[in-house]
Amino acid sequence: LLLLLFLILFFLLLLCLEMSEVKESATAVLESDQQGEEEEQEHEHEHDQIDEVENEQEEEVEEQVQEEEQQDVEQDVEEQGEDKNEEGVENEEEDVEKAQAQAEQVEHQQHQQEKEQHQHQQQ
């Protein structure tokens, strides 16, 4: 009977040892899972930071492109304004030339009329 009691105690002791090993292995698994989750969170955080930096860089590039396009548009407007000013000056010069030509023509016609009147009077 005593031997049976020792055997039962021995098996209980083995069972307790097995349970503690199971507990230790379960604890180790949980710790490795937690460590894996932490590493994954760190990786996600790093990835999020990289995405954020890339988005900021893209926004900066887009702003630069928009500024360059705006400058190009402003430069085109200025050039068109200069062209129009040049055209305006050319048009003004042409208008002056036309006015001078008309004045000369009117003067010439007046001379002709005066000559004709003078000839009529002499006749």
Euclidean distance, [Y] [atom2] relative to [X] [atom1], rounded to 0.5 Å:
X	Y	atom1	atom2	value
Glu44	Asp48	CD	CG	7.0 Å
Met19	Glu24	CE	CD	13.0 Å
Gln71	Gln75	CD	CD	8.5 Å
His108	Gln113	NE2	CD	11.0 Å
Glu104	Gln100	CD	CD	7.0 Å
Leu13	Ile8	CG	CD1	13.5 Å

Quiz item: Who pairs with Gln49 by side chain to side chain donor-acceptor pair (under 3.5 Å), at least two apart in sequence or on another chain?
Solution: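 Gln49: side chain to side chain donor-acceptor pair (under 3.5 Å) contacts with His45.
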Distance-only donor-acceptor pairs under 3.5 Å for side chains of residues 26-43, two or more places apart:
from  : atom 1 : to    : atom 2 : distance (Å)
Thr27 : OG1    : Lys23 : O      : 2.7
Ser32 : OG     : Ala28 : O      : 3.4
Ser32 : OG     : Val29 : O      : 2.8

Quiz item: Can you pull the side-chain hydrogen bond (donor to acceptor under 3.5 Å, both in side chains) pairs that have at least one residue in residues 54-70, sequence neighbours excluded?
Solution: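 Found Gln70-Glu74.
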Practice problem: Show which residues join Val77 in its hydrophobic cluster (side-chain heavy-atom contacts under 4.5 Å, direct or indirect), or state none. | Solution: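 Members besides Val77, by chain and number: Val73.
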Quiz item: Does Leu14 have any side chain to side chain contact (heavy atoms under 4.5 Å, CB included) partners at least two apart in sequence or in another chain, and if so, which?
Solution: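 Counting only residues at least two positions away or on another chain, Leu14 forms a side chain to side chain contact (heavy atoms under 4.5 Å, CB included) with Phe10, Phe11.
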